[in-house]
Amino acid sequence: MKREDIDEHLETLWHLLENDESDSESFRRHTKGTYDECILKILKAYSYITLEGEKISLTEKGFSQAEQIMRRHRLAERLLTDVLGMKLDDIEVAACEFEHFLASELVESICTILGHPREFHHGVIIQEG
């Protein structure tokens with residue numbers, strides 16, 4: 001499994017946990033056809049999650065990784081809207097692609113360029129670095 005695929009699934013879990021949906025059925029629903037029965041086993045084998053029946057929890061390692069993914073994604077969203085002038089309705093796919101190519105060394109520089117925003121336009125918090 002590619003790193004990008006793992007990151008996408010950790011991002012999905014982050015969103016689900018933000019909405020108090022930490023069960024495998026919710027995860028299945030939100031993976032939009034990319035769900036594979038093995039993915040939870042793989043995430044568990046990498047020590048990103050724990051499973052208790054249907055309940056999914058991020059481990060400290062998984063939380064840290066997902067938090068950095070979400071920071072890159074949300075800063076990419078702000079960069080695309082604030083600097084490049086894209087419309088909110090058009091940024092999700094671009095931000096998703098951008099987050100995977102954004103070198104960790106550049107994240108703080110982008111945050112500085114954006115004036116260290118604390119949230120995205122719809123009130124979602126941008127994680128601190």
Side-chain angles (χ1 to χ4, degrees):
M1 176 168 285
K2 296 186 301 187
R3 174 83 245 159
E4 290 174 18
D5 295 331
I6 290 172
D7 286 356
E8 285 302 313
H9 290 297
L10 288 172
E11 184 177 350
T12 297
L13 285 171
W14 183 276
H15 286 294
L16 291 172
L17 292 170
E18 282 183 327
N19 294 304
D20 295 320
E21 298 180 74
S22 59
D23 59 277
S24 55
E25 180 56 36
S26 294
F27 181 72
R28 229 176 259 113
R29 262 194 331 272
H30 286 85
T31 53
K32 300 176 186 160
T34 63
Y35 180 80
D36 177 332
E37 290 296 326
C38 297
I39 187 59
L40 293 177
K41 291 178 185 174
I42 292 168
L43 292 174
K44 186 176 178 185
Y46 280 109
S47 300
Y48 289 129
I49 64 167
T50 58
L51 296 169
E52 293 179 31
E54 291 293 304
K55 182 177 171 39
I56 304 169
S57 299
L58 289 170
T59 62
E60 186 175 325
K61 177 182 175 183
F63 182 87
S64 177
Q65 182 70 21
E67 184 176 47
Q68 291 309 307
I69 294 163
M70 295 308 302
R71 177 173 171 71
R72 288 192 314 264
H73 183 93
R74 291 177 176 158
L75 287 172
E77 289 176 327
R78 290 293 301 254
L79 183 68
L80 292 169
T81 57
D82 297 5
V83 177
L84 300 177
M86 288 182 73
K87 294 179 182 173
L88 288 174
D89 295 341
D90 298 333
I91 64 166
E92 183 56 35
V93 171
C96 193
E97 290 176 10
F98 192 72
E99 79 191 36
H100 297 293
F101 299 106
L102 183 57
S104 58
E105 307 85 53
L106 297 176
V107 172
E108 281 310 308
S109 296
I110 289 171
C111 193
T112 299
I113 288 168
L114 296 171
H116 300 282
R118 300 233 185 259
E119 61 184 44
F120 186 60
H121 299 291
H122 42 67
V124 175
I125 301 298
I126 296 174
Q127 289 66 31
E128 293 187 24

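Predicted model only: the values in this text are computed from it and were never measured.
Linking ILVMFWY side-chain heavy atoms closer than 4.5 Å, directly or via other members, places Phe98 and Leu84 in a single hydrophobic cluster. Hydrophobic clustering (ILVMFWY, side-chain heavy atoms < 4.5 Å, transitive): Ile110 and Ile125 are in distinct clusters.
At a threshold of 4.5 Å between non-hydrogen side-chain atoms, the residues Arg3 and Ile6 count as touching. In this structure, the side chains of Lys44 and Thr50 stay at 4.5 Å or more apart for every pair of heavy atoms. Side-chain contact between Ile56 and Leu51: present, with at least one pair of heavy atoms (C-beta onward) separated by less than 4.5 Å. His15 is listed as a side-chain neighbour of Glu11, based on a closest heavy-atom distance under 4.5 Å.
Residues satisfying the salt bridge (charged side-chain N to carboxylate O under 4.0 Å, His left out) criterion with Glu18, sequence neighbours excluded, are Arg74. The side chain to side chain contact (heavy atoms under 4.5 Å, CB included) search around Thr12 returns Leu16, Phe27, His30, Thr31, not counting sequence neighbours. Residues that satisfy the side chain to side chain contact (heavy atoms under 4.5 Å, CB included) test with Ala45, not counting sequence neighbours, are absent from this structure. Residues that satisfy the side chain to side chain contact (heavy atoms under 4.5 Å, CB included) test with Glu97, not counting sequence neighbours, are Val93.
Cys96 approaches Glu99 most closely through the heavy-atom pair O-CG, 3.1 Å. Counting all heavy atoms, side chain and backbone alike, Cys111 lies closest to Pro117 at O-CD, 3.9 Å.
Shown here is Glu25, whose CD atom has more than 12 heavy atoms of other residues, nucleotides or ligands within 6.0 Å.
Interatomic distance, Leu114 CG to Leu75 CG, rounded to the nearest 0.5 Å: 6.5 Å.
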Let me check something: any side-chain donor-acceptor pairs from residues 76-83 under 3.5 Å, sequence neighbours excluded? List them with distances.
| residue | atom | partner | partner atom | Å |
| --- | --- | --- | --- | --- |
| Glu77 | OE2 | His73 | NE2 | 3.1 |
| Arg78 | NE | Asp82 | OD2 | 2.8 |
| Arg78 | NH1 | Glu119 | O | 2.5 |
| Arg78 | NH2 | Asp82 | OD2 | 2.8 |
| Thr81 | OG1 | Glu77 | O | 3.0 |
| Thr81 | OG1 | Arg78 | O | 3.3 |
| Thr81 | OG1 | His121 | NE2 | 2.9 |
| Asp82 | OD1 | His121 | NE2 | 2.9 |

Which pairs of donor and acceptor atoms, one on a side chain in residues 58-65, lie under 3.5 Å apart (sequence neighbours left out)?
| residue | atom | partner | partner atom | Å |
| --- | --- | --- | --- | --- |
| Thr59 | OG1 | Ser47 | O | 2.5 |
| Thr59 | OG1 | Tyr48 | O | 3.2 |
| Thr59 | OG1 | Lys61 | N | 3.4 |
| Thr59 | OG1 | Gly62 | N | 3.0 |
| Lys61 | NZ | Tyr46 | O | 2.8 |
| Gln65 | NE2 | Asp7 | OD1 | 3.4 |

